[in-house]
Amino acid sequence: MCMLLGFSADKRYEIGKVAASFFRNSNRHPHGWGIGIYDNDLTMIKQPCAAYKSEYAKNITAFISARLAIAHIRYATVGKKSYLNTHPFIQDINNTEWLLAHNGSIPLSVLNTVNGYGETDSERILAYLEKELSNGSKTVDITDINVKIKCIESMILNLSQYGKLNLLISDGEYLYIHCNYINSLYIYRAKGLVFFSTKPLVDVLYRNQWKNVQLNTLFVYKNGAKIYQGKAHENEYIKKEIKLA
C-alpha cells in the first residue's frame, strides 16, 4: 500500500528532517511522492517517481517550513504510475482548496457516481467528499466546522465498510484524520504540534512518544491541538489471510 504523513502546528516549523525521514521509506513505496504545504496559500509538489531517486525531493526537505502539511509516498495498487495518480489530490470546493491523501483501497464500483482525472480510488474519494459537501448544486456552509465534520463522517461511514480507509484531509485550517486498520497510523504529540505517520519515524522523533491512532474514529486538529473526536464506527478493516493446506 502507501504511506501517509500529516502535520499540524500552532505556528510554522521546520519539518524538513521529518519529511526526509518519511521519504526514505520510498524504496519500498517507489511509484510516486508528493507533499502539500499550507501557509497563506497551498503549495503542492509531487512526482510520479520514487522520492529517494528524486533530487527535487532531496532539495525541498532542506527548507520545508509549514504549519500544516500532508505528504504521501505511493505503492501503486489501482492505476498506473503517473502524475495524475500521484497523491495528495486537490479539489476546489467553494473557493477553498482541499487536500487528500489515502492509504488503502476502496472498490471503484463503490465510487462510480463520481469522476476523477486519474485512475485511482483515492482521487474519487475526494470527489465523493465534494459531493457530500454539496446540496444538489448548492454548496453547504463550508465555513461551519460542524457541517464539515458531519459531511466527512458521513463519507467515512459509507466508504469504510468496503475496505481500508486511512485518510488525511485538510481544508487549509483543519487536519482531519481517520484510520480503520490496526497498526497502520501513528501519532506523535509535542507542545503546539502533532505528527501523523503510517510508520513511526523513530530516527528523528522519540520512539516512545509514537502511539497508535484510535481506530474507526474521525479526529480533527487545528493549530496542533485536537478539537474534535467522533464516535467510533464498526467498520474495521481486517486483512484476509490465505491459509495453505
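Numbers here are sequence positions counted from 1.
No donor-acceptor pair closer than 3.5 Å links the side chain of Asp39 to the backbone N or O of Asp41. No side-chain donor-acceptor contact under 3.5 Å links Ser26 to the backbone of His29. In terms of modelled atom types and a separation under 3.5 Å, the side chain of Lys46 and the main chain of Pro88 share a donor-acceptor contact. Without hydrogens or angle criteria, Gln91 side chain to Trp98 main chain gives no donor-acceptor distance under 3.5 Å. Side-chain atoms of His233 come within 3.5 Å of backbone atoms of Asn235 as a donor-acceptor pair (strictly under, hydrogens ignored). Between the side chain of Thr217 and the main chain of Leu215, a donor-acceptor pair closer than 3.5 Å is present. A donor-acceptor distance shorter than 3.5 angstrom exists from the side chain of Ser8 to the backbone of Gly224, with no hydrogens or angles considered. The closest donor-acceptor contact from the side chain of Thr198 to the backbone of Leu4 lies under 3.5 Å. Distance alone, capped at 3.5 Å, is enough to place a donor-acceptor pair between the Glu123 side chain and the Tyr117 backbone. Here the side chain of Asp92 pairs no donor or acceptor atom with the backbone of Glu97 at under 3.5 angstrom.
With no hydrogens or angles considered, no side-chain donor-acceptor pair links Gln161 and Tyr237 at under 3.5 Å. Under 3.5 Å, the side chains of Glu119 and Asn85 contain a donor-acceptor pair of N or O atoms. If you check the side chains of Asn166 and Ser184, you find a donor sitting under 3.5 Å from an acceptor.
Salt bridge Glu55/Lys58: present, at least one basic N to carboxylate O contact under 4.0 Å. Taking 4.0 Å as the cut-off between side-chain N and carboxylate O, Arg67 and Asp10 do not count as a salt-bridged pair. Using a 4.0 Å cut-off between charged side-chain N and carboxylate O, Asp203 and Lys17 make no salt bridge.
Just one of Leu168, Leu218, Ile156 meets the side-chain contact (heavy atoms from CB on, under 4.5 Å) condition when paired with Tyr176; it is Leu218. Of the options Thr61, Val202, Leu201, a side-chain contact (heavy atoms from CB on, under 4.5 Å) to Ser21 is made by Leu201 and by none of the others. Applying ring pair (Phe, Tyr, Trp, His ring centres under 6.0 Å) to Tyr221 and the options Phe195, Phe7, Phe196 leaves one that passes, Phe196. Screening Asp121, Thr113, Asn158 against Tyr128 for a side chain to side chain donor-acceptor pair (under 3.5 Å) leaves a single residue, Asn158.
No chain of hydrophobic side-chain contacts below 4.5 Å, direct or via other Ile, Leu, Val, Met, Phe, Trp or Tyr residues, connects Ile187 to Leu205. There is a path of hydrophobic side-chain contacts, each under 4.5 Å, that joins Ile145 to Ile93. Connection of Ile73 to Leu5 is established within a shared hydrophobic cluster, with ILVMFWY side chains joined at heavy-atom distances below 4.5 Å, either directly or through further cluster members. In the hydrophobic clustering of this structure, Leu68 groups with Val194; members are Ile, Leu, Val, Met, Phe, Trp, Tyr whose side-chain heavy atoms approach within less than 4.5 Å, directly or through other members. By the rule that hydrophobic residues join a cluster once side-chain heavy atoms approach within less than 4.5 Å of another member, Ile169 and Ile227 end up as members of one cluster.
With values rounded to the nearest 0.5 angstrom, Lys80 atom NZ is found 6.0 Å from Ser82 atom OG. From Leu165, atom CG reaches atom OG of Ser105 across 10.5 Å, with rounding to the nearest 0.5 Å. Atom-to-atom distance recorded for Lys231:NZ and Gln229:CD is 13.0 Å, nearest 0.5 angstrom. Summarising the geometry, atom CD1 belonging to Ile90 is positioned 11.5 Å from atom OG belonging to Ser170; distances are rounded to the nearest 0.5 Å. The NZ atom of Lys226 sits 10.0 Å away from the CD1 atom of Ile177 when rounded to the nearest 0.5 Å. Distance check: Tyr206 OH to Asn208 CG gives 9.5 Å after rounding to the nearest 0.5 Å.
For His102 and His178, the distance between ring centers is not under 6.0 angstrom. Taking the six-membered ring for Trp, Tyr186 and Trp210 have ring centres at least 6.0 Å apart.
Among all heavy-atom pairs drawn from Gln47 and Tyr56, the shortest one is OE1-CB, 3.9 Å. Contact between Leu100 and Ser122 at its shortest, heavy atoms only, is CD2-O, 3.6 Å. Of all non-hydrogen atoms in Ile15 and Ala66, the two that sit nearest each other are CD1-CB, 4.1 Å. The heavy-atom pair separating Gly6 from Leu175 by the smallest distance is C-CD2, 4.4 Å.
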Subject >> Check against side-chain hydrogen bond (donor to acceptor under 3.5 Å, both in side chains), Asn180 and Ser160 >> reply: CA-CA 7 Å; Asn180 71 335; Ser160 59; 5.0 Å; no
**OP:** Give the intermediate values and the outcome of side chain to side chain contact (heavy atoms under 4.5 Å, CB included) for residues Ser65 and Tyr13.
**Re:** CA-CA 5 Å; Ser65 178; Tyr13 282 89; over 6 Å; no
**OP:** Apply the test side chain to side chain contact (heavy atoms under 4.5 Å, CB included) to residues Glu14 and Ile64: give CA-CA distance (whole Å), side-chain angles for both, the deciding distance (0.1 Å), then the verdict.
**Re:** CA-CA 6 Å; Glu14 298 289 336; Ile64 294 177; 5.9 Å; no
**OP:** Report the C-alpha distance between Glu130 and Leu133 in whole Å, list the side-chain angles of each, state the deciding distance to 0.1 Å, and finish with yes or no for side chain to side chain contact (heavy atoms under 4.5 Å, CB included).
**Re:** CA-CA 5 Å; Glu130 180 187 22; Leu133 288 166; 5.7 Å; no
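Every residue two or more places apart in sequence or in another chain that forms a side-chain hydrogen bond (donor to acceptor under 3.5 Å, both in side chains) with Lys164 is listed here: Asn103.
Annotation for Arg189: atom CZ does not count as buried by contact number, only 12 or fewer foreign heavy atoms lying within 6.0 Å.
By the 4.5 Å heavy-atom criterion applied to side chains, His87 and Arg74 are counted as neighbours. Within the 4.5 Å cutoff, the side chain of Ile70 has no heavy atoms near those of the Ile35 side chain. For the pair Met44 and Leu99, the minimum side-chain heavy-atom distance is below 4.5 Å. With a 4.5 Å cut-off on side-chain heavy atoms, Tyr52 and Arg28 do not count as touching.
Residues in residues 30-50 take part in these ring pair (Phe, Tyr, Trp, His ring centres under 6.0 Å) pairs, two or more places apart or across chains: Phe23-Trp33, His31-Tyr75.
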